[in-house]
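As structure tokens, the structure follows; a few thoughts come after it.
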2 protein chains.
Amino acid sequence: MTLNISSTEQNYIKAIYHLEQNGRPVNTNDLAAQLATTPASVTDMIKKLKQKKLINYKAYYGCTLTENGRKQSLLIIRRHRLWEYFLSKKLGFNWDAIHEIAEELEHVSNTELINKLDAFLGYPKVDPHGDPIPDANGNIATIEHAVLGGGTLGKRYVVAQIGSQLPAVLELLDQKHIKIGTIIEIKKRFDFDQSLEIKAGNKHITQISKELSQHILVKEHE
Amino acid sequence: MTLNISSTEQNYIKAIYHLEQNGRPVNTNDLAAQLATTPASVTDMIKKLKQKKLINYKAYYGCTLTENGRKQSLLIIRRHRLWEYFLSKKLGFNWDAIHEIAEELEHVSNTELINKLDAFLGYPKVDPHGDPIPDANGNIATIEHAVLGGGTLGKRYVVAQIGSQLPAVLELLDQKHIKIGTIIEIKKRFDFDQSLEIKAGNKHITQISKELSQHILVKEHE
DNA sequence: ATAATTATTTAGATTTGTCTAAATTTTTAT
DNA sequence: ATAAAAATTTAGACAAATCTAAATAATTAT
Ligand SMILES: [Mn+2]
Ligand SMILES: [Mn+2]
Ligand SMILES: [Mn+2]
Ligand SMILES: [Mn+2]
């Protein structure tokens with residue numbers, strides 16, 4: 001008998017998974033903000049998730065995922081990212097439109113569907129935003145990329161991951177010709193606001209705000 | 001402001017659309033049976049659908065779709081059949097497994113998603129069961145195929161459509177090497193039970209019960 | 001240490017979709 | 001025409017998920 005997890009519950013544990021990446025137990029208000037709901041609703045749902053043994057929870061303290069809760073979350077994230085890959089690479093959607101659609105598709109939880117989709121896509125390792133795709137057992141690669149903002153003048157980097165799903169961020173990156181795999185050389189750093197002048201793809205010179213530079217995750221070139 | 005139709009409401013109007021094909025207004029009990037719910041629940045939902053102007057309804061009489069209700073139903077059926085085509089032709093699912101999965105996918109109602117999917121699939125005209133796929137405006141081709149059971153001895157037919165989504169039916173057809181496009185010649189008709197002996201695909205001789213023969217829809221060969 | 005602020009939980013309602021059991025209407029049979 | 005059967009609706013309850021407003025606990029500032 002496999003535990004049934006409603007779409008709403010799925011959204012909750014996925015949000016808890018993401019907030020847990022900050023290293024602290026997830027508190028009620030942050031979870032409410034993330035899910036665009038009220039703290040009172042979160043308290044209600046948290047009790048239910050505890051009963052289902054998907055999270056650990058102590059009143060007035062916060063919650064963390066149980067081992068099973070973490071696995072279930074990663075299987076949802078797997079579905080989400082595989083669909084994003086499909087929408088981008090097969091249907092031709094721009095990367096700023098796929099997250100929202102994948103938010104719905106991720107809840108169709110037929111295991112064979114997802115594994116066949118994975119095969120059809122050629123077992124991609126990362127989604128169009130550079131985020132790693134968990135395998136069928138809920139294992140995820142832990143890649144720790146550096147923030148472009150912290151890079152060194154004159155050095156060349158490769159864009160590996162974007163630290164945001166916001167269409168506004170992705171649209172801005174489009175305009176600056178920055179995508180996954182783009183080679184970036186940091187030309188200048190302006191002391192006043194920590195903004196950068198960069199050369200993208202050996203072609204385009206542009207300015208990048210500090211805020212934006214912190215959402216561009218890179219690895220060193222060569 | 002486009003009317004929001006919940007997944008449950010979508011299932012109801014789709015069921016009404018299908019039952020309406022019998023030519024009579026749809027009555028409460030049949031709808032309850034089709035949706036595996038109770039007549040009382042159907043009465044409740046019917047009131048809601050009437051308020052949303054998706055159906056016409058007279059108490060103790062039955063309901064029919066309004067023009068808009070019909071269009072919305074056909075857009076759901078469009079999504080359902082395009083996903084079935086994708087599952088079959090791109091992911092390699094057998095035709096007896098796709099209906100159930102499409103029952104979930106059909107509720108993801110992003111118009112651009114469906115139109116891009118349609119393009120990706122090459123604008124298919126029919127789904128893997130031979131059912132016509134409505135276009136983006138909710139127009140559907142009206143194909144009237146004959147039932148194999150009513151065919152003439154010695155004549156050759158082409159399988160064009162299957163009148164059932166039941167895995168049991170589709171599995172049986174698999175076993176008899178009958179699929180969409182298969183050429184069938186009726187060899188004998190047994191008076192006792194109206195069963196048929198046929199040759200399928202110019203190769204396989206098999207017996208077909210009357211019940212099964214009524215679910216195989218055909219057009220004449222050549 | 002006390003007060004003020006912030007975070008969290010509880011209480012009580014609401015909406016959606018469902019159900020069982022009872023009442024009512026319609027249809028069919030005698 | 002009346003009775004029996006079948007179909008449909010109503011009444012009342014319930015579970016899931018949500019909300020607002022009020023109560024309580026924890027944290028922070030003075
Ligand atoms: Mn996403
Ligand atoms: Mn992504
Ligand atoms: Mn189907
Ligand atoms: Mn079909």
Side-chain angles (χ1 to χ4, degrees), chain A residues 1-16 19-20 22-64 69 72-73 76 103-104 106-107 109, chain B residues 1-16 19-20 22-64 69 72-73 76 103-104 106-107 109:
Chain A
M1 172 227 88
T2 17
L3 186 62
N4 208 67
I5 307 177
S6 74
S7 289
T8 308
E9 292 166 346
Q10 288 178 37
N11 286 334
Y12 269 84
I13 61 173
K14 190 161 67 96
I16 293 167
L19 289 171
E20 249 189 357
N22 300 330
R24 295 182 300 278
V26 178
N27 60 350
T28 306
N29 272 5
D30 288 356
L31 196 44
Q34 176 89 2
L35 292 164
T37 186
T38 61
S41 301
V42 169
T43 300
D44 287 346
M45 178 59 83
I46 270 178
K47 288 176 186 165
K48 227 178 95 187
L49 294 173
K50 182 181 182 164
Q51 273 213 320
K52 288 194 169 188
K53 295 190 202 297
L54 291 167
I55 63 172
N56 307 115
Y57 166 63
K58 238 176 62 186
Y60 289 98
Y61 171 71
C63 59
T64 54
Q72 298 305 321
S73 301
I76 301 161
E103 281 296 320
E104 291 193 61
E106 71 187 4
H107 300 300
S109 58
Chain B
M1 174 226 85
T2 17
L3 185 63
N4 208 67
I5 307 177
S6 73
S7 289
T8 307
E9 291 167 345
Q10 289 178 36
N11 286 334
Y12 269 85
I13 61 173
K14 191 161 65 94
I16 293 168
L19 289 171
E20 248 189 358
N22 299 331
R24 295 182 300 279
V26 178
N27 60 351
T28 306
N29 273 4
D30 289 356
L31 197 44
Q34 176 89 3
L35 292 163
T37 185
T38 62
S41 301
V42 170
T43 299
D44 288 345
M45 178 58 84
I46 270 178
K47 288 175 186 165
K48 226 178 97 188
L49 295 173
K50 181 180 184 166
Q51 274 213 318
K52 289 194 168 187
K53 296 190 201 298
L54 291 167
I55 63 172
N56 308 115
Y57 165 64
K58 238 177 63 186
Y60 289 97
Y61 171 69
C63 59
T64 55
Q72 298 305 322
S73 301
I76 300 161
E103 281 295 321
E104 291 193 61
E106 71 187 3
H107 300 301
S109 58

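First the proteins, then the strands, lettered A, B, ... as listed; each starts at 1.
- Between the C1' atom of D:dA16 and the CG atom of A:L49 lies a distance of 13 Å, rounded to the nearest Å.
- Regarding contacts with the backbone of C:dT9, a side-chain N or O of A:Y57 is found under 4.0 angstrom from either OP1 or OP2.
- Within the structure, a side-chain polar atom (N or O) of A:T43 is placed less than 4.0 Å from OP1 or OP2 of C:dT9.
- Using a 4.0 Å heavy-atom distance criterion, B:Y61 is classed as making no nucleic acid contact.
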Take A:E9 and A:Q72 through the test side chain to side chain contact (heavy atoms under 4.5 Å, CB included) and record every step on the way to the result. CA-CA 11 Å; A:E9 292 166 346; A:Q72 298 305 321; over 6 Å; no
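- Taken from OH in B:Y12 to CD1 in B:I55, the straight-line distance is 10.5 Å, to the nearest 0.5 Å.
- Between A:K47 and C:dT10, a side-chain N or O to OP1/OP2 separation shorter than 4.0 Å is present.
- Remark: C1' of C:dT16 and CD of B:Q10 are 15 Å apart, rounded to the nearest angstrom.
- A:S41 has a side-chain polar atom (N or O) that falls below the 4.0 Å cut-off from OP1 or OP2 of D:dC19.
- A:N29 has a side-chain polar atom (N or O) that falls below the 4.0 Å cut-off from OP1 or OP2 of C:dT8.
- Residues B:I46 and B:C63 share a closest heavy-atom pair of CD1-SG, 4.1 Å.
- Residue A:T37 has a polar side-chain atom (N or O) positioned under 4.0 Å from OP1 or OP2 of D:dC19.
- Residue B:N27 has no polar side-chain atom (N or O) positioned under 4.0 Å from OP1 or OP2 of D:dA7.
- Residue B:T28 has no polar side-chain atom (N or O) positioned under 4.0 Å from OP1 or OP2 of D:dA7.
- A distance of 8.5 Å separates CD1 of A:I5 from OG of A:S109, quoted to the nearest 0.5 Å.
- Atom CG of B:N11 and atom C1' of C:dT18 are 14 Å apart (whole Å).
- At D:dT18, none of the side-chain N or O atoms of A:T38 fall inside 4.0 Å of OP1 or OP2 (strictly under the cut-off).
- In plain terms, the two heavy atoms of A:N11 and A:E103 that are nearest each other are OD1-OE1, 4.2 Å.
- One can find a donor-acceptor pair under 3.5 Å joining the base of C:dT24 and the side-chain atoms of B:Y60.
- Each of A:S7 and B:V42 lies near DNA chain D, and the nucleotide nearest B:V42 is the one positioned closer to the 5' end.
- One interatomic measurement links the two molecules: NZ of B:K58 to C1' of D:dT9, which rounds to 16 Å at whole-angstrom precision.
- In this structure, the CG atom of B:L31 is 11 Å from the P atom of D:dT9, given to the nearest Å.
- Closest contact between the side chain of B:D44 and the listed nucleotides D:dC19, C:dA21, C:dT18 involves C:dT18.
- The interatomic distance linking A:I46 (CD1) with C:dT8 (P) rounds to 9 Å, in whole Å.
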